[in-house]
Amino acid sequence: MLDAMMRARVGDDVFGEDESVNALQTKLAELFGMEAGLFCPTGTMTNQIAIKVHTQPGEEVICDQVAHIYLNEGGGIAFNSGASVRLLRGDNGRFTAEQVRENINRRDDAHQPVTRLVAIENTVNRGGGCCWDFSEIKRIREVCTEQGLAFHLDGARLFNALVARGETPRQYGEAFDTISICLSKGLGTPSGSVLLGRKEHIKKAHRFRKVLGGGWRQAGYLAAAGLHALDHHVERLKEDHANAKVLERELQSLRYVTGVLPVETNIVIFKLAPGVSPEGFLAHLKKHDIRAAGFGSQMIRVVFHLDVASSHLEPIVAALRSFA
Ligand SMILES: *Cc1c(COP(=O)(O)O)cnc(C)c1O
């Protein structure tokens with residue numbers, strides 16, 4: 001990847017003149033059968049720009065209560081778009097078309113904010129990396145079309161879902177108005193995300209990226225990393241999923257673990273027994289060069305990615321077993 005970055009042909013992306021950025025945007029747009037793409041520094045920026053593209057201040061976004069756009073983007077929905085949020089309680093972040101329908105406000109009632117956008121996340125970070133059923137996505141798409149709502153996908157880990165479920169990018173390109181793809185998660189680039197959508201949306205998105213300070217110049221070095229990742233790091237996501245499965249089984253046998261969210265992709269979220277200190281547990285792992293994250297209420301998250309090999313499983317399991 002570093003070699004590909006060093007060889008990148010670059011230009012000034014603010015003027016649309018960076019060949020590598022243009023190639024990445026075109027490659028992803030074509031892969032998903034969407035009209036255009038916009039390369040941005042982070043997935044937070046691509047999500048926030050999408051929300052801004054679809055809403056006006058005072059309008060409402062429907063999303064799940066554990067959504068990254070709601071919980072993990074610094075209050076950006078309010079800060080950047082002045083929009084309000086209708087939170088749904090889904091099954092580990094996955095809600096139904098019926099829930100969406102029940103929560104759409106009446107446009108003719110001036111008391112209520114105008115519902116404008118439905119946003120989902122696939123895979124769901126706080127849902128333990130679980131995948132949506134595409135049939136439910138299609139049903140939500142139908143509700144959005146019927147009710148004139150935009151439909152956005154936070155696809156930070158969409159490639160994990162595609163690989164796990166044997167789905168195609170085109171299915172997703174047809175279902176959503178905008179999709180945010182992170183290249184910096186399991187795909188392993190240093191930074192960067194791409195927002196996909198129709199030309200009219202991406203044209204607006206280009207302006208908002210500038211406003212947010214994300215008009216970057218020779219971003220092609222990072223785009224080259226993204227191109228490399230798309231060519232070489234998608235199929236191998238399967239290995240991360242298999243490694244996560246091994247860890248799931250091990251955790252289920254540990255006395256100090258009371259539950260593991262069903263593992264479907266590269267994320268493992270589990271709960272420590274009452275009285276077990278998450279700080280102490282994380283410090284123990286760190287001593288063995290294993291980094292995990294506390295997720296609140298005794299929960300711990302472990303994520304498998306490009307830089308974790310199957311050969312690391314043995315020392316991970318040993319470290320878990322040596323924690324008393
Ligand atoms: C990581 C992530 C993002 C974007 O994060 P950045 O660090 O800003 O690139 C968005 N959504 C989800 C679900 C994520 O896990």
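For ligands, and for the atoms within them, numbers begin at 1 and follow the listed sequence.
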>> I want to confirm something. Looking only at heavy atoms, which of Ala156, Ser184, Gly43 is nearest to atom 4 (C) of ligand 1?
In response: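 Ranked by closest heavy atom to atom 4 (C) of ligand 1, first place is Gly43.
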Just checking, any donor-acceptor pair under 3.5 angstrom between side chains of [X] and [Y]?
| X | Y | result |
| --- | --- | --- |
| Ser81 | His54 | no |
| Asp154 | Ser180 | no |
| Asn105 | His111 | no |

> Can you tell which part of Met45 has a heavy atom less than 4.0 Å from ligand 1: side chain, backbone, both or neither?
Replying inline: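 Answer for Met45: neither.
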>> Under 4.0 Å, heavy-atom basis, I'd like to know which part of Thr44 is in contact with ligand 1: side chain, backbone, both or neither.
In response: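 Under 4.0 Å from ligand 1, Thr44 contributes backbone and side-chain atoms.
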Under 4.0 Å from a heavy atom of [X]: give me the atoms of ligand 1 that qualify, with their elements.
| X | answer |
| --- | --- |
| Asp154 | 10 (C), 11 (N), 12 (C), 13 (C) |
| Asn47 | 10 (C), 11 (N) |
| Glu121 | 13 (C) |

> Is atom 9 (O) of ligand 1 less than 4.0 angstrom from some protein heavy atom?
Replying inline: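 So far as the 4.0 Å threshold goes, atom 9 (O) of ligand 1 is in reach of a protein heavy atom.
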>> salt bridge (charged side-chain N to carboxylate O under 4.0 Å, His left out) for Lys245 and Glu248? Distances and angles first, verdict last.
In response: CA-CA 5 Å; Lys245 264 322 230 193; Glu248 175 188 37; 2.9 Å; yes
> N/O of Ser193 under 3.5 Å from N/O of ligand 1, yes or no?
Replying inline: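 So ligand 1 has no N or O lying under 3.5 Å from an N or O of Ser193.
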>> I'd like to know if the side chain of Arg141 reaches the main chain of Ala175, judged simply by a donor and an acceptor atom lying under 3.5 Å from each other, with no hydrogens or angles considered.
In response: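 A pair under 3.5 Å: yes.
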> Which residue owns the protein heavy atom closest to atom 14 (C) of ligand 1, what's the atom, and how far is it?
Replying inline: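 So the nearest neighbour among protein heavy atoms is Lys185 NZ, 2.9 Å.
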>> I'd like to know if Glu35 and Lys199 make a salt bridge, using a cut-off of under 4.0 Å between side-chain N and carboxylate O.
In response: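 Here Glu35 does not pair with Lys199 in a salt bridge, since their nearest N and O are not under 4.0 Å apart.
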>> The test is side chain to side chain contact (heavy atoms under 4.5 Å, CB included); show your working for Phe176 and Ile120 and say whether it passes.
In response: CA-CA 10 Å; Phe176 290 91; Ile120 72 161; 3.7 Å; yes
